[in-house]
Peer 1: 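Below are the structure tokens for one structure; questions will follow.
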Amino acid sequence: MLLSRLAEVSREVAATAARSRKTALLADLFRETAPDDVPVVIPYLAGRLPQGRLGVGWKVLSRPVPPAAAAALTVREVDARLTELGKVAGPGSQAERTRLVGALMGAATAAEQRFLLGLITGEVRQGALDAVAVEGLAQATGAEAAGVRRAVMLAGSLQTVAEALLADGPPALARFRLTVGRPVLPMLAHTASSVAEAVGKLGTCAVEEKLDGIRVQVHRDGDAVRVYTRTLDDITDRLPEVTAAARELPGDRFILDGEVISFDAAGRPRSFQETAGRVGSRTDVAKAAREVPVSPVFFDVLSAGDHDLLDLPFADRHTELARLVPEPMRVRRALVSGPGDTAAAEEFLAATLRRGHEGVVVKALDAPYSAGRRGASWLKVKPVHTLDLVVLAAEWGHGRRTGRLSNLHLGARTRDGGFAMLGKTFKGMTDAMLEWQTARLKELEVSDDGGVVTVRPSLVVEIAYDGLQRSSRYPAGVTLRFARVVRYREDKRPEEADTVETLLAAHPEVRR
DNA sequence: TTCCGACAGTGGGGTCGCAAT
DNA sequence: ATTGCGACCCCACTATCGGAA
């Protein structure tokens, strides 16, 4: 199949609003795909490369290359070239990657270049990724969409399921079962604004502490232990403590779900930055493990012995978890009987925060494990802080925000009457707010370099954030975590904005 | 008819590893 | 030794479609 066909379908999908029509377009393409092309066409139309990331980003891709006049590239040739590109390493590799990208782009028409650019950067912007591709695949093969979705969750990969389905039809789905050693997409949580709201929605539930670390899925089959991240990367070699802990548990075949986190000598959780740095260390794991040891803390079990537990209610899975994992290696929890018992949940949240943790996750006791889904049966609750800050600048947006000022630079007052930038945010704005702030900020413009519009510091905006973290980038030595806009405060003047001092005083645990 | 679940898009900061300077 | 880039951890929020209620 020619790459130009894919580029054309992708463009059509992007130009279509209705999801049903997007699905139909993908299904049509999948039907006409030859078996040999399937391993490439399916991921491409789901907006991903089968190779994963290539080590090529905007820096290399932003160099313009004259397009080819006629479409001649086949998808398999492109795939072969990108596989080569991904293998390049060592001294001189940047120049070599640039050369290979240039050669590929030079063989592509303008339309194909646009498609390739989106694929390689991971931003196809066609309004259809895995979920729509799954629907399209189901439609093309006559399989049940729910069955395809489940197979993809269990395989951890759309591509594997697509190949099997297009080769053998719907019966192939039965081959995809939960298997120890093969990672499953983890269940995710929604956000609730309060414990009362969460308990109100779920009724009888468990309230569990939410640790601010790295999500892990731990598989053990006899002596073989593997550890996977949320995106199913294998990080076993970086976490010897987790392997050792898993081997000491009484069962010898299981899949556990939990969090890895580092505690200091006093038993307090270290900051996310410290835990994440440790988990990211690969070159000298032994040294990293001595300096920042981590502990696994589990909250769910997906499989035990030869039993697939995914469809069991959470209450039953937890009974199994308690059999397998001793209490210190499990997340703390409280059982709550329903909305009448909210006070107990509130107290548990307060105690969890006193222990230095992030918040809680409220979980329905009757819900199955919805692999790969952000199910409504897990609701996280974290405290939210707010500040009144001043807009120092704004950046021109991309995609659907093109032509609008989007990303705000936020400043707090300093003692000398100036402002110190604390970070940026693009979150929380409605389309109407984007429209309004673009016009308002243009009135305050001091300069525009094409990317950043600097303004007179006079507009006050209320910002919500999850906490403070250390920063080497910003002048106050700290930055806001997950900053988002709540509303503009036109009733406030910049002299009334919050100061760096009050911010630091509100977060004494963050030392600069 | 209205409501709500699921998705995609729009990017944020930090840290590590690697290659280039 | 330092700098820049890319990958991958953490993530919030809004708009939209289409099925559920």
Side-chain angles (χ1 to χ4, degrees), chain A residues 13-14 16-23 46-47 52-61 88-97 120-135 149 188-191 211-216 229-233 235 238 259-260 271-284 288 358 370 372-376 380 382 384 395 397-402 404 406-410 422-434 463-474 478-486:
Chain A
V13 169
T16 303
R19 215 129 56 198
S20 49
R21 176 92 186 111
K22 288 179 193 278
T23 302
R53 301 255 61 89
L54 298 172
V56 175
W58 285 105
K59 183 70 182 175
V60 167
L61 290 164
V88 176
S93 59
Q94 273 184 26
E96 179 63 3
R97 271 198 291 270
I120 297 173
T121 59
E123 296 175 22
V124 290
R125 292 175 174 162
Q126 61 183 15
L129 296 171
D130 272 24
V132 180
V134 162
E135 293 285 329
R149 200 152 45 222
L188 305 171
H190 272 297
T191 302
L211 310 185
D212 197 6
I214 306 292
R215 182 84 176 264
V216 287
T229 65
R230 196 161 90 82
T231 50
L232 311 189
D233 275 1
I235 55 167
R238 296 182 228 166
E259 195 88 359
V260 149
S271 72
F272 172 75
Q273 285 168 300
E274 290 172 282
T275 294
R278 159 60 210 281
V279 175
S281 296
R282 276 166 289 188
T283 44
D284 191 347
E358 206 188 354
S370 317
R373 317 215 79 173
R374 206 169 273 285
K380 57 183 164 186
K382 298 185 282 185
V384 176
E395 297 173 14
H398 299 91
R400 68 184 300 280
R401 292 192 178 187
T402 301
R404 296 210 172 93
S406 171
N407 200 3
L408 305 178
H409 296 199
L410 306 168
L422 287 177
K424 308 180 190 177
T425 186
F426 58 91
K427 296 172 185 162
M429 301 119 173
T430 61
D431 286 357
M433 284 168 77
L434 284 164
I463 298 294
Y465 65 104
D466 276 22
L468 209 57
Q469 54 185 351
R470 276 182 301 144
S471 170
S472 57
R473 176 183 315 215
Y474 292 110
V478 292
T479 188
L480 305 179
R481 192 164 184 211
F482 309 141
R484 59 265 191 193
V485 170
V486 178

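Because the structure is a prediction, the values reported are computed rather than measured.
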Peer 1: For A:L129 and for A:L422, find the nucleotide of DNA chain B with the closest heavy atom, then tell me which residue's nucleotide is more 5'.
Peer 2: A:L129
Peer 1: Between A:T16 and A:R21, is the side-chain hydrogen bond (donor to acceptor under 3.5 Å, both in side chains) condition met? List the steps.
Peer 2: CA-CA 7 Å; A:T16 303; A:R21 176 92 186 111; 5.0 Å; no
Peer 1: Using a cut-off of under 3.5 Å, enumerate the N/O to N/O pairs linking the protein to nucleotides 18-21 of chain C.
Peer 2:
residue, atom, partner, partner atom, Å
C:dG18, OP1, A:R19, N, 2.9
C:dG18, OP1, A:S20, N, 2.7
C:dG18, OP1, A:S20, OG, 2.8

Peer 1: Provide, to the nearest angstrom, the distance between the CZ atom belonging to A:R282 and the C1' atom belonging to C:dG6.
Peer 2: 11 Å
Peer 1: Once you round it to whole Å, what is the distance between C1' of C:dC13 and CG of A:D431?
Peer 2: 12 Å
Peer 1: Both A:M429 and A:E358 contact DNA chain C. Which one's nearest nucleotide lies toward the 5' end?
Peer 2: A:E358
Peer 1: What's the closest nucleotide to the A:R53 side chain, out of C:dA7, C:dA15, C:dC9?
Peer 2: C:dA7
Peer 1: Counting any heavy atom closer than 4.0 Å, what does A:D130 reach on the DNA or RNA strands: base, sugar-phosphate only, or nothing?
Peer 2: sugar-phosphate
Peer 1: Is a donor on one side and an acceptor on the other found under 3.5 Å between the side chain of A:K382 and the backbone of A:E358?
Peer 2: no
Peer 1: Applying a 4.0 Å non-hydrogen cut-off, can you work out what A:E123 is touching in the nucleic acid: base, sugar-phosphate, or nothing?
Peer 2: nothing
Peer 1: So, using side-chain contact (heavy atoms from CB on, under 4.5 Å) as the criterion, who are the partners of A:R238 when residues are at least two apart?
Peer 2: A:I235, A:R282
Peer 1: How is A:A276 classified with respect to the nucleic acid when contacts are heavy atoms under 4.0 Å: base, sugar-phosphate, or nothing?
Peer 2: nothing
Peer 1: Is any NZ, NE, NH1 or NH2 atom of the basic residue among A:R400 and A:D431 found under 4.0 Å from an Asp or Glu carboxylate oxygen of the other?
Peer 2: yes
Peer 1: Which residues pass the ring-ring contact (aromatic ring centres under 6.0 Å, His included) test with A:Y474, sequence neighbours left out?
Peer 2: none
Peer 1: Which whole-number value in Å describes the distance from A:F482 CZ to C:dC13 P?
Peer 2: 11 Å
Peer 1: For the residue pair A:L408 and A:M429, establish whether any side-chain heavy-atom pair is separated by less than 4.5 Å.
Peer 2: yes
Peer 1: Mind checking A:K380 for me? I need base, sugar-phosphate or nothing, with any heavy atom below 4.0 Å counting as a touch.
Peer 2: sugar-phosphate
Peer 1: Whether A:R230 contacts C:dC10 is assessed here as follows: a side-chain N or O lying under 4.0 Å from the phosphate OP1 or OP2. Is that the case?
Peer 2: yes
Peer 1: Let me confirm one number: the CD1-CZ distance from A:I214 to A:F272, rounded to the nearest 0.5 Å.
Peer 2: 4.5 Å
Peer 1: Write down the distance between NZ (A:K427) and P (C:dC13), rounded to a whole number of angstrom.
Peer 2: 8 Å
Peer 1: In whole angstrom, what separates A:R97's CZ from C:dG6's P?
Peer 2: 9 Å
Peer 1: How many Å lie between CG on A:L54 and C1' on C:dA7, as a whole number?
Peer 2: 12 Å
Peer 1: Does the pair A:K424/A:E395 count as a salt bridge with the N-to-O cut at 4.0 Å?
Peer 2: yes
Peer 1: So what does A:A464 touch, heavy atoms closer than 4.0 Å: a base, only the sugar-phosphate, or nothing?
Peer 2: nothing
Peer 1: Within this structure, what is the CG-to-C1' distance between A:L61 and C:dG6, rounded to whole angstrom?
Peer 2: 12 Å
Peer 1: Indicate yes or no: does A:D130 engage A:R149 in a salt bridge with an N to O separation below 4.0 Å.
Peer 2: no
Peer 1: Please give the nucleotide sitting opposite B:dT10 as a Watson-Crick or G-U wobble pair, both distances under 3.5 Å, or none.
Peer 2: C:dA12
Peer 1: Base, sugar-phosphate, or nothing for A:T430, non-hydrogen atoms under 4.0 angstrom?
Peer 2: sugar-phosphate
Peer 1: Does anyone know the first and last nucleotide of DNA chain B in reach of chain A, 5' to 3', at under 4.0 angstrom to a heavy atom?
Peer 2: B:dG5 to B:dA20
Peer 1: Would you say A:T231 places a side-chain N or O within less than 4.0 Å of OP1 or OP2 belonging to C:dC8?
Peer 2: no
Peer 1: Tell me which of A:R481 and A:R400 sits closer to the 5' end of DNA chain C, going by the nucleotide each one is nearest to.
Peer 2: A:R481
Peer 1: I want to check one thing: is the phosphate of C:dA12, taken as OP1 and OP2, less than 4.0 Å away from some side-chain N or O of A:K382?
Peer 2: yes
Peer 1: Could you check whether A:V56 gets within reach of a base, just the sugar-phosphate, or nothing at all, counting any heavy atom under 4.0 Å?
Peer 2: sugar-phosphate
Peer 1: Working to the nearest 0.5 Å, report the span between OG of A:S271 and CG of A:L468.
Peer 2: 11.5 Å
Peer 1: If you assign A:S472 and A:H190 each to the DNA chain B nucleotide with the nearest heavy atom, which residue ends up on the more 5' nucleotide?
Peer 2: A:H190
Peer 1: Return the set of residues passing side chain to side chain donor-acceptor pair (under 3.5 Å) with A:D212 (not counting sequence neighbours), or none when no residue passes.
Peer 2: A:R481
Peer 1: At 4.0 Å (heavy atoms only), tell me whether A:G52 reaches a base, stays on the sugar-phosphate, or touches nothing.
Peer 2: nothing
Peer 1: Given side chains that start at C-beta, do those of A:M433 and A:V485 come closer than 4.5 Å, heavy atoms only?
Peer 2: yes
Peer 1: Considering every strand and a 4.0 Å limit on heavy-atom distances, what is the contact class for A:V485: base, sugar-phosphate, or nothing?
Peer 2: nothing
Peer 1: Assess whether atom NE2 of A:H398 is packed by more than 12 heavy atoms of other residues, nucleotides or ligands within 6.0 Å.
Peer 2: no
Peer 1: Counting only N and O atoms by type, is there a donor-acceptor contact under 3.5 Å from the side chain of A:R278 to the main-chain atoms of A:Q273?
Peer 2: no
Peer 1: Check nucleotides 2-5 of chain C against the protein and report each pair of N or O atoms closer than 3.5 Å, with its distance, or say if there are none.
Peer 2:
residue, atom, partner, partner atom, Å
C:dC5, OP1, A:K59, NZ, 3.4

Peer 1: What is the distance, rounded to the nearest whole Å, between atom CZ of A:R215 and atom C1' of C:dC9?
Peer 2: 14 Å
